[in-house]
Amino acid sequence: MRRIVPAVVLTLIPLTAVLSPRAAAAAPADPQVVFSEEFENGMGTAPLMVTDYTGPAPHAMTYTADPAWLTSCNGLIASRLNPAVAPPLAQQCGGWWPVVRDLAASLGQWAGGDPATNHAVTAFTHTPPGAGKVQLETENPVSIGSGNRFVTFSVDAAAVNCNVDHPLIAFYLLDGNTAIPTFSQPIDTCANPGAVINGISVGTYTSDAPVLFSGSQLGIRLVNTQGGTNGNDGAIDNVRVLDVTPALGVSYAPGSPAIGQTATLKLTVTNTSELREKDGWSFKVALPDGLTPAGAATSDCAQHSVSVANGVVSAGGAIGDGVTSCTVNIPVKAGVIGEYTTCPADVSDRVGINPPAACASVTFVAPEHKFDAHAHAAKVTAPLIGGAALVPSDVTCTATPGSDHDSLLTAILPAVASLGVLTTEAEGTVGPDGLRTARAKATTAKLNLLNGLITAEEITAQATATATESGTVTTSGTTTFTTLKVNGSTVTNPPVNHTITIPLVAKIVLNERVPYGNGTGIKVNAVHVTTIAGVDVVISHARASLTLPGQSCPSA
């Protein structure tokens with residue numbers, strides 16, 4: 001008969017003694033029953049030898065035992081449904097037959113069922129069976145799916161005549177011909193009852209710790225290590241094999257870091273709800289293409305080992321007794337903006353752990369660079385004086401996108417230049433991919449500088465700073481000249497920083513580029529003149545830069 005609230009407990013400790021608020025508060029999965037036997041299939045009012053019993057589908061399990069446990073009132077599946085007077089099969093029980101029936105009834109009451117109808121495998125020894133003999137064993141293997149699973153064992157047991165020899169029950173899991181013990185001490189129901197019902201000690205017991213079972217099929221063997229006949233009387237019921245393999249979960253935090261920042265791949269090993277120790281699990285996780293380690297991996301799991309090599313995380317360890325979960329944390333960074341996903345298919349070489357139930361993603365986004373852009377049409381600086389820039393436009397050190405512009409029809413720079421239409425603009429924009437651009441542009445028409453030394457119909461300078469998918473900043477500058485003449489000679493498409501020196505007059509730099517801000521900014525001057533008298537003239541100036549959050553914008 002199945003217990004109403006199935007749960008697994010420590011060997012020799014009754015079920016009700018280990019339920020804890022920590023277990024109730026957590027949300028791990030319940031153990032999965034891979035085999036269950038209640039010894040009720042096809043049973044009626046007559047007792048039956050356990051070797052003649054066939055369990056329910058899908059296993060239709062049959063059982064065997066050492067001959068010593070199939071005689072002298074041993075090996076009977078009994079119930080209070082059986083006749084009150086010992087029937088032929090129970091004649092070996094003599095005057096103890098009523099107590100044999102009561103053993104089954106007490107187990108039924110312990111399990112929350114009907115004591116009048118519950119069946120159990122009983123043993124009321126009348127001759128010495130000998131120690132260490134098989135009292136019950138499955139005849140066919142039970143499939144547990146893939147191998148390398150954590151498996152535990154649960155059984156309801158009863159004992160009577162506890163004033164003399166106690167039944168000492170030892171259970172094994174069978175991996176082929178290999179018997180794997182599930183105990184450190186045999187189950188002694190007399191010494192550790194969950195309850196005493198009508199003078200009969202009863203309880204629910206499991207293995208001391210789950211077994212990391214390598215095979216894909218298993219069997220069950222019950223050995224009674226008690227060889228005496230003075231006592232050694234008991235019964236078992238509700239045999240269960242439980243898969244208590246922990247589960248792996250994957251997550252990333254934070255979910256949307258900026259490129260250049262670090263995220264953490266969190267691999268969580270979650271225990272099953274009985275919260276027993278699971279020692280020896282391991283797995284590998286392939287990092288998504290483009291993610292690389294950004295520091296040392298850490299873990300709060302017991303006996304852990306974690307390494308990352310060639311884009312693969314290898315982890316193993318234990319989850320402690322009573323522990324709901326533990327984690328393996330790998331700091332990661334991305335080469336470019338985008339979404340990076342880890343899915344169950346990325347997990348391999350699993351031993352003693354279930355795969356993740358779902359994928360997890362992290363999206364590395366473009367950083368919110370601060371814009372800094374400025375343009376002016378002309379500026380003159382002379383010894384002892386500094387002139388104000390003409391027609392300035394500014395977007396100054398801000399993370400907020402925006403623009404500015406200005407214009408002027410004509411301007412005179414006394415003794416220096418006459419200028420036609422002057423226009424400037426500065427802006428900070430964000431693209432659909434989140435990448436940012438700072439841009440500035442200055443255009444000056446009808447230039448006549450230093451009494452005709454330099455003339456042009458129109459000159460334009462533009463500076464641009466653009467964020468890349470990898471989080472870096474690229475800069476570029478352009479200049480255009482229409483009908484440019486210097487000292488009477490036409491100049492077409494001057495190269496970057498093209499310098500013309502007029503002896504005893506001035507140094508002229510065309511298409512001047514000056515990087516600044518550690519490479520995150522650029523200045524562009526269409527025309528930059530320095531006279532021998534120390535007068536500095538710039539016509540059509542633009543500069544632009546991008547700065548990461550938390551950093552100071554570079555000075556001009």
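This structure is a prediction, so every number in the text was calculated from the model and none was measured.
- Residues E425 and R439 are paired through a salt bridge, judged by an N-O separation under 4.0 Å between the basic side chain and the carboxylate.
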Derivation of the side-chain hydrogen bond (donor to acceptor under 3.5 Å, both in side chains) call for S207 and T152 = CA-CA 6 Å; S207 56; T152 195; 2.5 Å; yes

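- For V250 against C359, the heavy-atom pair with the smallest separation is CG2-C, 4.5 Å.
- A donor-acceptor pair under 3.5 Å is formed between the side chain of N271 and the backbone N or O of R276.
- Panel note: side chain D372, backbone C397; a donor-acceptor pair is recorded below 3.5 Å.
- Side-chain atoms of S470 and T468 include a donor-acceptor pair closer than 3.5 Å.
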Pair up each side-chain donor or acceptor in residues 542-556 with any protein partner under 3.5 Å, not counting sequence neighbours, and list the distances.
unit_1 : atom_1 : unit_2 : atom_2 : d
R543   : NH1    : H541   : NE2    : 3.3

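- Put simply, the side chain of T268 never gets that close to the backbone of T270: no donor and acceptor are under 3.5 Å apart.
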request  = Could you go through the side chain to side chain contact (heavy atoms under 4.5 Å, CB included) check for T444 and V527 one step at a time?
outcome  = CA-CA 11 Å; T444 303; V527 176; over 6 Å; no

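- Side-chain contact between T475 and P515: absent, with no pair of heavy atoms (C-beta onward) separated by less than 4.5 Å.
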query = Where do K333 and Q261 land on the side chain to side chain contact (heavy atoms under 4.5 Å, CB included) test, with the steps shown first?
reply = CA-CA 7 Å; K333 60 184 179 181; Q261 295 180 337; over 6 Å; no

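- Other residues, nucleotides and ligands place more than 12 heavy atoms under 6.0 Å from the CD atom of E458.
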query = Where do R149 and N354 land on the side-chain hydrogen bond (donor to acceptor under 3.5 Å, both in side chains) test, with the steps shown first?
reply = CA-CA 9 Å; R149 315 285 297 165; N354 286 322; 2.6 Å; yes

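- In the model, T424 has a side-chain atom that pairs as donor or acceptor with a side-chain atom of S393 under 3.5 Å.
- Among all heavy-atom pairs drawn from T327 and D300, the shortest one is N-OD1, 2.6 Å.
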query = Should S361 and T341 be marked as a side-chain hydrogen bond (donor to acceptor under 3.5 Å, both in side chains) after you check the CA-CA gap, both sets of side-chain angles, and the distance that decides it?
reply = CA-CA 4 Å; S361 296; T341 302; 2.8 Å; yes

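- When atom types are taken as modelled, the side chain of N497 and the backbone of R513 share a donor-acceptor pair closer than 3.5 angstrom.
- Without hydrogens or angle criteria, T530 side chain to D536 main chain gives no donor-acceptor distance under 3.5 Å.
- Side-chain contact of N525 with E512: a donor-acceptor pair under 3.5 Å is present, judged by distance alone.
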message = The test is side chain to side chain contact (heavy atoms under 4.5 Å, CB included); show your working for L453 and N487 and say whether it passes.
response = CA-CA 5 Å; L453 182 67; N487 201 23; 3.7 Å; yes

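- Dense packing is recorded around CD of E277, with more than 12 heavy atoms of other residues, nucleotides or ligands lying under 6.0 Å away.
- Less than 6.0 angstrom separates the ring centroid of F183 from the ring centroid of Y172.
- Checked by atom type, the side-chain pair T479/N511 shows a donor-acceptor distance below 3.5 Å.
- No side-chain donor-acceptor contact under 3.5 Å links T423 and S407.
- Side chain of T264 to main chain of K266: no donor-acceptor pair is present (N/O by atom type, distance under 3.5 Å, no hydrogens or angles).
- Distance check, rounded to the nearest 0.5 Å: OG of S256 to CD1 of I337 gives 12.0 Å.
- No hydrogens or angles considered: a donor-acceptor pair under 3.5 Å links the side chains of T272 and K278.
- For the pair N448 (side chain) and T455 (backbone), a donor-acceptor distance under 3.5 Å is absent.
- Shown here are the ring-ring contact (aromatic ring centres under 6.0 Å, His included) partners of F481, two or more places apart in sequence or in another chain: there are none.
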